[in-house]
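Letters go in sequence order (proteins before strands), and every chain restarts at 1. In this text, all values refer to a predicted model and were calculated from it rather than measured experimentally.
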Protein chains: 2
Amino acid sequence: MSTDDELVDRGFAALADPVRRAIVARLGRGPATVGELAAPFEISVQAVSKHVQVLEHAGLVTKGRQAQRRPVRLEPAALERLTAWIDGHRLLAEQRYRRLDAVLGDPSRRRDT
Amino acid sequence: MSTDDELVDRGFAALADPVRRAIVARLGRGPATVGELAAPFEISVQAVSKHVQVLEHAGLVTKGRQAQRRPVRLEPAALERLTAWIDGHRLLAEQRYRRLDAVLGDPSRRRDT
DNA sequence: CAGTTGATAAACTATTTGGTTGAATACAAC
DNA sequence: GTTGTATTCAACCAAATAGTTTATCAACTG
């Protein structure tokens with residue numbers, strides 16, 4: 001098993017690469033085999049296979065098997081974990097900013113605190 | 001200026017590092033100077049300064065100035081951009097899975113398509 | 001069975017990245 | 001003006017990463 005923090009770590013690291021983000025975007029529209037995923041790219045199938053493994057290790061996708069094919073599908077729950085992490089901190093900051101705007105004058109456009 | 005895609009790229013890359021995520025978490029509770037941000041870590045202030053620059057370059061934080069201090073504050077809008085990216089694809093997939101579950105039998109626990 | 005297809009493994013390379021130390025800059029305070 | 005504090009710049013190093021090529025493995029196809 002992997003700790004929750006490790007998964008967040010690997011999750012963001014996985015999404016840091018444009019090729020992997022393109023793969024995620026493609027998978028949002030439905031599962032695809034490694035070969036299909038590789039087609040749009042100029043890089044080798046092996047490189048794409050590695051990218052998929054990175055995504056898999058982060059829990060963002062899972063691989064099935066159909067004969068020699070490995071259909072890859074997106075795992076929404078893992079994506080949600082990442083948005084949850086971001087939102088946790090974002091909402092805190094937004095709330096605080098709003099509270100300050102309420103107390104101080106100008107209800108938008110502030111630079112301090 | 002930076003293209004939107006570049007910001008998403010740098011945004012996820014920025015969040016891929018545990019030190020930078022800890023910084024974001026800290027900033028969620030309020031602005032802090034570079035020195036304050038560095039305190040909890042065992043690494044050098046210079047290293048933390050670099051991390052903050054990475055976050056800044058990704059648009060996730062902005063730096064103000066108070067004498068020689070550089071108070072750093074979180075930029076919620078940039079964080080939101082990242083969650084929006086993720087959610088776009090996650091929601092697509094979830095919708096599709098739900099539609100399939102409605103058509104086929106078992107309304108949960110499915111492995112194909 | 002021989003050949004082909006889909007995916008992965010292994011070994012290697014170039015680049016990026018996260019850290020270091022030491023010097024430079026900028027402002028404050030004495 | 002000298003000293004102290006906060007931050008950044010520059011040069012450097014080690015480890016991680018994204019890519020390559022060659023080889024291997026597994027399953028279908030004729």
Tell me which donor-acceptor pairs under 3.5 Å the side chains of residues 88-95 of chain B have, and how far apart each pair is, sequence neighbours excluded?
unit_1 : atom_1 : unit_2 : atom_2 : d
B/R90  : NE     : B/D87  : OD1    : 3.2
B/R90  : NH1    : B/E94  : OE1    : 3.2
B/R90  : NH1    : B/E94  : OE2    : 3.1
B/R90  : NH2    : B/D87  : OD1    : 3.0

Seminar exercise, completed: Within residues 10-20 of chain A, the residues having a heavy atom closer than 4.0 Å to DNA chain C are none
Problem set entry | Minimum-distance pair of heavy atoms, taken over all atoms of A/Y97 and B/L74 | OH-O, 3.0 Å
Pairs of donor and acceptor atoms involving the side chains of residues 23-36 of chain A, under 3.5 Å and at least two apart or interchain, shall be tabulated with distances.
unit_1 : atom_1 : unit_2 : atom_2 : d
A/R26  : NH1    : A/G30  : O      : 2.8
A/T33  : OG1    : A/E36  : N      : 3.1
A/E36  : OE1    : A/T33  : N      : 2.9

Problem set entry | Partners meeting side chain to side chain contact (heavy atoms under 4.5 Å, CB included) with B/P18 (sequence neighbours left out) | A/D9, B/R21
Seminar exercise, completed: Rounded to whole Å, CD1 of A/I43 lies from P of C/dA7 at a distance of 14 Å
Anything under 3.5 Å between a donor and an acceptor, one on a side chain of residues 43-57 of chain B, the other on a protein residue two or more places apart or in another chain? List them.
unit_1 : atom_1 : unit_2 : atom_2 : d
B/S44  : OG     : B/A47  : N      : 3.2
B/H51  : ND1    : B/R20  : NH1    : 3.2
B/E56  : OE1    : B/K63  : NZ     : 3.1

Exercise. Is any side-chain heavy atom of B/R98 less than 4.5 Å from a side-chain heavy atom of B/R96?
Worked result: no
For this session: Decide yes or no for B/L82 and A/F12: does some side-chain heavy atom of the first lie under 4.5 Å from some side-chain heavy atom of the second?
Result: no
Exercise. How would nucleotides 1-15 of chain D be written as a contact map, 5' to 3', with B for base contact, S for sugar-phosphate-only contact and - for no contact, using protein heavy atoms under 4.0 Å?
Worked result: -----SSBB-B----
Problem set entry | Length of the line joining A/D9:CG and D/dT17:C1', which is rounded to integer Å | 14 Å
Exercise. Hey, what do you get for CZ (A/R73) to CG (A/L60), rounding to the nearest 0.5 Å?
Worked result: 14.0 Å
For this session: Take the protein atom NE2 of A/H51 and the nucleotide atom P of D/dT20, then report the distance between them rounded to whole Å.
Result: 9 Å
